[in-house]
Asker: 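Let me begin by handing over the structure; questions about it come next.
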Amino acid sequence: MSEIADLILFNGKMTTLDRTNPTAEAVAVRGGVIVFAGPTNDAMRLAGTTTKIIDVGGRRVIPGLIDSHMHIIRGGLNYNMELRWDGVRSLADAMEMLKRQVAVTPAPQWVRVVGGFTEHQFAEKRLPTLEEINAVSPDTPVFILHLYDRALLNAAALRVVGYTKDTPDPPAGEIVRDANGNPTGLLVAKPNATILYATLARGPKLPPEYQKNSTRHFMREVNRLGVTSVIDAGGGFQNYPEDYSVIEELHREGNLTVRIAYNLFTQKPKAELADFAGWSKSVTPGQGDDLYRHNGAGEMLVYSAADFEDFQVARPDLPGAMEGDLEPVVRLLAENRWPFRLHATYDETISRALDVFEKVDSDVPLKGLNWFFDHAETITDRNIDRIAALGGGIAVQHRMAFQGEYFVDRYGAKAAERTPPIRRMMEAGIPVGAGTDATRVASYNPWVSLSWLVTGRTLGGLSLYPPANRLDREDALRLWTEANTWFSSEPGKKGQIKDGQLADLVVLSDDYFSVSEDRIQDITSVLTLLGGKAVHGDGAFRDLAPPLPPAMPDWSPVRTFGGYQPRKADSAQKYAFAAACGCAKACGVHGHAHAGAWGANVPVGDQQGFFGALGCACWAF
């Protein structure tokens, strides 16, 4: 307490998550570390002539949020190219965004909507039709990815990727065709999403300098939502070390605004053991620093062990060779003391993986490795207890907030009540953490996850969970902060507002503990600090964070639309009209054709205009 602080925040409602000191009015920071949290008068004793003092105006302050499962490295390379429908609440708005982006996207670039949304979040409760997409963009390629289940390509995109009548369907995927055998533009995962990702990979890429700019903008976007740390789960078409050069260069230059612990994801079916054997000679878990460090293996360990959470199709059966493929990889990782994570949606997958883990554990103990399963939507009590016995954990994501309706349609509302059984996991005493699995399925917005954990509802408003499987707001916040430090082997280093921890702090736009449940998903940050330095500021705090260079290229959707789209206070009436109209087909009342409206130069989304005032602008066409 005798040294001068670099920074003091005061006049706040600080949720410290430190059980010995649960609340504070002020926090002091020195050298990137918290040195005091408590009464304002005591904090001010650390103030000197060089101390920056910030009045947070009575706002709620929390530890920086930690996403235990995001694909931020891959997502950053592509963020500036993507039109995000995350948060958009009507298909009308989404299609207007698409139309505006088509108008400014030069050849040979594509317009891409790559995950982060569900048709159920739209008032219309549907996806656009291929006819509507082609009307909006007859010449510019358009690729729209919806969850893991399908991609919509307009005719221009089909021409560019070269899919024709003679193109065979790939394994576990379908190119949907018309009566004459020609591709329609609909690609379906059955159930493997490889066809979706492989098609997306055919599109143009940004040059390295633009990828750096894109990654900086994506990091600033998650900073805007209060995220200060991410555990990166690797990803398809993301090999190490080739595809990590951009993030590593940003780290060397001091331009990371998110702490990243990265896992290595095998890229070579049937050569997974060679991948991990090679990597184990070049990098070790924990190698790096507090901003950028290696975290172990996964989420893909072997391709034969991967299931897919497309709840619109039946659960896939894993091949009989799975155990034989998985065991040598897990044994290698255990012998080299590498933490690992494994993607597993279904209990059946988890059961078979645990058979392998228990066999390896009998020779090489797994306890102390901080290994865990990702997802685990249908896990049973028996397998939760088996994980506990082996010293493992479970990282859960809010994928059911995007796909819950599909799960209920296939398996029923009763089965959906424990998808996943988070409270039961916590009662078993195993480490449980939360994340998003962004960007290609669910959105990267942590407040959607926190809303889901607390309310048990999907983005479409479907109530999935009984009270027994929901969390109170503090427990949910703990899963997004201190609990997630176990998954990167960093307990005690961050996740709380506590003396000695990293000064990662977030000042909230609204009080998480007092806003209505429905408004949790709308919270953002007005000030985000990483190591005591501002990496995002809004409103009165805007000038505290250094500005970013404009998004590159100049046609980037980020320049026009930003990222996650906030709900509009004046849109309730428009959404009600859209829902009432139905819009999945030509309207029986007005007889309008939506494709013509999207392609026409009329103010279809203008609530103030004559047609908008009638609730539907396209009936006249």
Side-chain angles (χ1 to χ4, degrees), residues 5-44 46-47 51-67 222-229 257-259 445-447 449-450 454 472-485 493-515 519-545:
D6 302 324
L7 171 73
I8 295 175
L9 300 185
F10 77 101
N11 189 23
K13 294 180 288 188
M14 300 189 182
T15 300
T16 68
L17 299 180
D18 176 3
R19 289 184 170 87
T20 65
N21 180 37
T23 61
E25 298 173 331
V27 60
V29 176
R30 183 172 56 246
V33 174
I34 296 166
V35 294
F36 177 77
T40 296
N41 289 341
D42 291 339
M44 290 303 178
L46 295 173
T51 303
K52 180 183 289 290
I53 299 176
I54 301 175
D55 182 347
V56 299
R59 293 185 179 275
R60 179 69 59 182
V61 183
I62 62 171
L65 298 176
I66 303 169
D67 191 329
V222 299
N223 294 154
R224 184 181 70 84
L225 297 167
V227 174
T228 55
S229 291
T257 62
V258 175
R259 303 186 192 277
N445 190 334
W447 300 101
S449 170
L450 284 156
V454 170
D472 65 35
R473 298 191 194 201
E474 182 173 320
D475 283 346
L477 184 60
R478 286 186 185 277
L479 294 195
W480 265 93
T481 50
E482 63 164 333
N484 270 341
T485 62
K493 181 169 285 188
K494 56 187 177 182
Q496 299 168 292
I497 302 177
K498 185 177 181 179
D499 186 1
Q501 293 208 8
L502 294 170
D504 300 345
L505 304 164
V506 181
V507 183
L508 299 180
S509 61
D510 297 281
D511 191 339
Y512 167 66
F513 286 98
S514 63
V515 297
R519 288 182 57 203
I520 291 174
Q521 62 186 290
D522 299 322
I523 293 173
T524 61
S525 167
V526 295
L527 177 62
T528 303
L529 302 177
L530 186 78
K533 295 181 180 179
V535 292
H536 162 74
D538 192 22
F541 307 100
R542 183 180 302 276
D543 293 338
L544 296 178

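Reckoned from all heavy atoms, side chains included, excluding hydrogens, waters and symmetry mates.
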Asker: Taking only residues two or more places apart in sequence or in another chain, which ones pass side chain to side chain contact (heavy atoms under 4.5 Å, CB included) with Pro39?
Answerer: Glu25, Phe36, Asp42
Asker: Return the set of residues passing salt bridge (charged side-chain N to carboxylate O under 4.0 Å, His left out) with Asp510 (not counting sequence neighbours), or none when no residue passes.
Answerer: Arg519
Asker: Quick one, Lys13 and Val56 - any side-chain contact, counting heavy atoms below 4.5 Å?
Answerer: no
Asker: Could you tell me which residues satisfy side chain to side chain contact (heavy atoms under 4.5 Å, CB included) with Ala483, sequence neighbours excluded, listed by chain and number?
Answerer: Leu479
Asker: Taking the side chain as every heavy atom from C-beta outward, state whether Leu477 and Thr15 have any atom pair closer than 4.5 Å.
Answerer: yes
Asker: Compare all side-chain heavy atoms of Leu505 with those of Leu9 and state whether any distance is below 4.5 angstrom.
Answerer: yes
Asker: For Asp538, what residues pass the salt bridge (charged side-chain N to carboxylate O under 4.0 Å, His left out) criterion, not counting sequence neighbours?
Answerer: Arg542
Asker: Can you tell if the side chain of Gln496 reaches within under 4.5 Å of the side chain of Thr16, non-hydrogen atoms only?
Answerer: no
Asker: Nearest 0.5 angstrom please: Leu65 CG to Ser229 OG, how far?
Answerer: 9.5 Å
Asker: For Trp447, what residues pass the ring-ring contact (aromatic ring centres under 6.0 Å, His included) criterion, not counting sequence neighbours?
Answerer: Tyr512
Asker: Using 0.5 Å steps for rounding, measure from the CG atom of Asp55 to the CZ atom of Phe541.
Answerer: 7.5 Å
Asker: Among all residues two or more places apart in sequence or in another chain, which pass the side chain to side chain donor-acceptor pair (under 3.5 Å) test with Arg473?
Answerer: none
Asker: Does either side chain, that of Lys494 or that of Thr485, offer a donor lying less than 3.5 Å from an acceptor on the other one?
Answerer: no
Asker: With sequence neighbours left out, write down each residue that passes side chain to side chain donor-acceptor pair (under 3.5 Å) with Asn21, or none if nothing qualifies.
Answerer: none
Asker: Please check if the side chain of Thr51 supplies one atom and the backbone of Ile53 the other of a donor-acceptor pair under 3.5 Å.
Answerer: no
Asker: May I ask you to test the Val258-Asn223 pair for a side-chain heavy-atom distance under 4.5 Å?
Answerer: yes
Asker: Could you work out, with salt bridge (charged side-chain N to carboxylate O under 4.0 Å, His left out) as the rule, every residue matching Glu482, not counting sequence neighbours?
Answerer: Arg19, Arg478
Asker: Could you state the interatomic distance from CD1 (Ile520) to OG (Ser449), rounded to the nearest 0.5 Å?
Answerer: 11.0 Å
Asker: Is any side-chain heavy atom of Leu508 closer than 4.5 Å to one of Val61?
Answerer: no
Asker: Check salt bridge (charged side-chain N to carboxylate O under 4.0 Å, His left out) between Arg59 and all other residues, then give those that pass, not counting sequence neighbours.
Answerer: none
Asker: Judged by atom type as modelled, is there a donor-acceptor pair below 3.5 Å linking the side chain of Thr524 to the main-chain atoms of Leu225?
Answerer: no
Asker: Name the residue from Thr257, Leu544, Thr228, Val222 that meets the side chain to side chain contact (heavy atoms under 4.5 Å, CB included) definition with Val535.
Answerer: Thr257
Asker: Find the distance between CG (Leu530) and CG (Leu502) and round it off to the nearest 0.5 Å.
Answerer: 8.0 Å
Asker: With a 4.5 Å cut-off on side-chain heavy atoms, are Leu17 and Pro63 touching?
Answerer: yes
Asker: Can you tell if the side chain of Asp18 reaches within under 4.5 Å of the side chain of Ile497, non-hydrogen atoms only?
Answerer: no
Asker: Mind checking what makes side chain to side chain donor-acceptor pair (under 3.5 Å) contact with Thr481, not counting sequence neighbours?
Answerer: none
Asker: Enumerate the salt bridge (Lys or Arg N to Asp or Glu O under 4.0 Å) contacts for residues 495-507, please, sequence neighbours excluded, ordered by first and then second residue.
Answerer: Arg259-Asp504
Asker: Excluding sequence neighbours, so at least two apart, what forms side chain to side chain donor-acceptor pair (under 3.5 Å) with Ser525?
Answerer: Thr528
